[in-house]
Structure formats: structure tokens, C-alpha cells
Peer 1: 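Questions regarding the structure given below will be posed in turn.
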Amino acid sequence: MTLDQEQEDTMRRNEQNATVGFVGLGTMGREMALNLLKAGFAVRAYDVRREAIDDLVTQGATGAESAAGAARDADIVISMLPDTPQVEEIVYGEGGLLASPPRGRLLVDMSTISPVAVRRMHADLKTAGVAFLDAPVSGGPVGAKNASLSIMVGGDQDAFLRADPYFRAMGTTITHVGEAGAGQTVKLCNQLICGINLQAICEALALGRASGVDLEQLRNVLLGGSAASWMLDKLGPAMIAGDASAGFRIDLMLKDLRLVQEQALSLSVPLPGTALVTSQYVEARAHGEGTNGNQALFRVYDRMTNQAAT
Ligand code: NAD
């Protein structure tokens, strides 16, 4: 079903007075909650870190003491948490959203988590009369800040239409990709490509460096041709500069690659490229890079080519 522009505008105007319970105010969630505030929604914010709530309150949100507190009188609850156990905790845990859903009876999880867990939560919440969407994102902290995320949504069509005005406050490419869990599957495909692409960039930079080629020039040339990619564009400069600190953490990518492998194994789909790059992420974490950005994958190649400072 497609909405015409007038229907969409009406829907958006109606929702402007709505209240969003937002759970998980980290690198991504903070920016997404701020964009909901900017779009005119009221936000009730919760995180296990008190300082993250206080920060959002100074920006115009109301603070909450728990996920259920964020859901109180809310039309929708949106979560942006690290991994599957944290999402299960706010749904099934004591005082969780299964027992205390928002008045709008709509939950949207935008974290990257297990599609199997998503289908289970979707079924359990549906039995309790609550709609659940999996809506993971791509675009990183910059996309979250600029409200230009790509949002891939799994779940029921009517829930998708109800959530759409909120998605539009946070992203630009918003696609309903199928039933519960389908959003996570598409996101895992995205992560698989990102990981293998990053590995290819590491190999090109390692070869270029050993051959005495200027790496900035190499990157610029590659960006103008068929080897161009988002990873080369956005992470290339930090890789070349040896700046591993900021960005999407190695730990989170490793979590995503684990989810890719679990799904592939359960469906008997061989993914040899993913298996190889996953072991390099494991190596990076073993060398203390877990909290560094994904560009730190190049440090695996530093070590293999004896270029490492550590
Ligand atoms: P983050 O670790 O920066 O933020 C997670 C937040 O959740 C933290 O503030 C933490 O205190 C809070 N939290 C943890 N457990 C909680 C609980 N039980 N109740 C309430 N709050 C809790 O992570 P992030 O980078 O914002 O990523 C969030 C999700 O988005 C992850 O699933 C990640 O894979 C995905 N993602 C991240 C990026 C990125 O570039 N950072 C991009 C796309 C998708």
C-alpha cells in the first residue's frame, strides 16, 4: 500500500504531538532521539547510564527511570541497544515492555540483533496485543546525526505504516523488507559486505604501502573507479592516518559477523569470505582493538606486515 502525499502529511502532523519512549542513548541512539525531538515529538528517554539520560534532558527530553517508565503514556517505544540480550531484557525482564507496553502498543527495535530472537519477540508481543518491528539501520553515527539513516524494516504492514513518521525523523531510505526478522536479515547482508569490503581495502593498502605507493593518492584514484566504496571513502583516511580510535566499534562488528554466521549455519549457506574476515576481527579484538573503530582492521595487516607499533 502506498500513501499519497496528502495522507502522509496528515499522518506526520498527527504524530507531531506524539510521545516516543526511547531506550538506549549511546553513539547512535542519542542522535536518533535528538532528531525525534527536532521533528517535534516528545521524547521520554532511558538508558542504564544516568549521564546519558541527563544529557538528553538538557536537550528537551523527559528522563525515565526504566524502560517501562519510558513507555508510560508513550505512543511508541524505540530501542537502540548493543545486542540481543539487552533487547530481550527490556522486553522480558522484570517490569519489561511485554508486561508494561506503551499505550500505542508499538515497539520498534532499531539495534542489530538476532533475527531468531526477533521472531520470538514478535510472536510473544503479538499474543499480548503489541506490535513489534525490527528496524536496524545503516549509515553510522554521521547518518544518525544527519537523520539520513537507511532503515530496513521487518514486521507487519500496519505497524510499519504507524512507525513511518518516526522513521522519517531519523532516516531517508526507509524500506519495509518483509515479515518479522527480515529487517535483521537485510542488515546482516549489509554487514557481511562491509566486513569483506573493509578486508579488501586493507589488502590494497598493505600492498600499496609495501610497494612504496602514496596511499592518499591510491585512495583518491580508487574512489574514481570501479573499486570505490563507502568504506574506502569514509574509513580510508583514518586507516591511512593510523587513527583507530573513533567510529563503529570492532566489538559491535564482531557481534554482527557472529549473527551472520549463526544464520548462515542454520540455513546451511557456506560463507567462506565472512568466515575469513571474522577471524581477522577476532585477531583485532585479541590485540585490544575491541573498542576501536572498524578502521582498526588495518592494524591486523600492520602486524602481518611487521609495520605495527604495538
Ligand atoms: P552504544 O554501545 O554506543 O550504545 C548502546 C547504549 O545502550 C549505551 O548507552 C548503553 O548504556 C545502553 N544500554 C545497554 N544496555 C541497556 C539496557 N538494558 N537498558 C537501557 N540502556 C542500555 O552502541 P551504538 O553504537 O549506539 O549501537 C547500538 C546498536 O546499533 C547496536 O546494535 C549496533 O550494532 C547498531 N549500529 C551501530 C552503528 C554505529 O556506527 N555505531 C551503526 C549501525 C548500527
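Values in this document were obtained by computation on a predicted structure and should not be read as measured data. Remember, it's 1-based here, ligands and their atoms both numbered in the order they're listed.
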Peer 1: Going by atom types only, do Asp256 and Gln191 share a side-chain donor-acceptor pair under 3.5 Å?
Peer 2: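 Present: a donor and an acceptor within the cut-off.
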
Peer 1: If you measure from each non-hydrogen atom of Met28 to ligand 1, which part falls under 4.0 Å: side chain, backbone, both or neither?
Peer 2: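 Under 4.0 Å from ligand 1, Met28 contributes backbone and side-chain atoms.
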
Peer 1: Establish, yes or no, whether a centroid distance under 6.0 Å links the rings of His176 and Phe160.
Peer 2: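 Yes; Phe160 has its ring centre under 6.0 Å from that of His176.
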
Peer 1: Can the ring centroids of Phe22 and Tyr46 be said to lie less than 6.0 angstrom from one another?
Peer 2: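 No.
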
Peer 1: Which of these, Val23, Leu252, Ile90, Leu149, has its nearest heavy atom closest to atom 27 (O) of ligand 1?
Peer 2: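 Closest candidate by heavy-atom distance is Leu252.
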
Peer 1: Who's closest to atom 7 (O) of ligand 1 heavy-atom-wise, of Ile113, Val87, Asn294, Leu81?
Peer 2: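 Result: the heavy atom closest to atom 7 (O) of ligand 1 is in Leu81.
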
Peer 1: Any idea which atoms of ligand 1 are less than 4.0 Å away from a heavy-atom of Ser111?
Peer 2: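 In order of numbering, the contacting atoms are 32 (O).
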
Peer 1: Any heavy-atom pair between the side chains of Met170 and Met110 that's under 4.5 Å?
Peer 2: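 Touching, per the 4.5 Å side-chain cut-off.
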
Peer 1: Is there a polar contact between ligand 1 and Pro82, counting only N or O atoms under 3.5 Å apart?
Peer 2: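 Right, the criterion is met.
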
Peer 1: Taking atom 19 (N) of ligand 1 as the point of reference, which of Val48, Thr27, Val137 owns the nearest heavy atom?
Peer 2: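 Of the listed residues, Val48 has the closest heavy atom.
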
Peer 1: Does Met110 come within less than 4.0 Å of ligand 1, judged by its heavy atoms?
Peer 2: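 The answer is no, since Met110 has no heavy atom less than 4.0 Å from ligand 1.
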
Peer 1: Are any of the heavy atoms in Pro141 under 4.0 Å away from ligand 1?
Peer 2: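 Yes; Pro141 lies near enough to ligand 1 that a heavy-atom distance drops under 4.0 Å.
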
Peer 1: Under 4.0 Å, heavy atoms only, figure out whether ligand 1 is touched by the backbone of Lys187, its side chain, both or neither.
Peer 2: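 Side chain only; the backbone of Lys187 stays clear of ligand 1.
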
Peer 1: If we only consider heavy atoms of Arg30, is any one of them less than 4.0 Å away from an atom in ligand 1?
Peer 2: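 No; Arg30 lies far enough from ligand 1 that no heavy-atom distance drops under 4.0 Å.
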
Peer 1: Where do Leu205 and Tyr301 land on the side chain to side chain contact (heavy atoms under 4.5 Å, CB included) test, with the steps shown first?
Peer 2: CA-CA 9 Å; Leu205 293 180; Tyr301 285 80; over 6 Å; no

Peer 1: So Lys126 and Asp156, salt bridge (charged side-chain N to carboxylate O under 4.0 Å, His left out) or not? Walk me through it.
Peer 2: CA-CA 10 Å; Lys126 194 168 189 164; Asp156 304 342; 3.3 Å; yes

Peer 1: Given Glu31, Met80, Arg249, identify the one with the heavy atom nearest to atom 1 (P) of ligand 1.
Peer 2: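 When every heavy atom of Glu31, Met80, Arg249 is considered, Arg249 comes closest to atom 1 (P) of ligand 1.
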
Peer 1: Quick one: does any side-chain atom of Asp75 pair with a main-chain N or O of Thr19 as donor and acceptor, under 3.5 Å?
Peer 2: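 Yes; judged by distance alone, with no hydrogens or angles, the pair exists.
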
Peer 1: May I ask which of Tyr46, Phe248, Phe22 has a heavy atom nearer to atom 36 (N) of ligand 1 than the others do?
Peer 2: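 Among Tyr46, Phe248, Phe22, the closest heavy atom to atom 36 (N) of ligand 1 comes from Phe248.
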
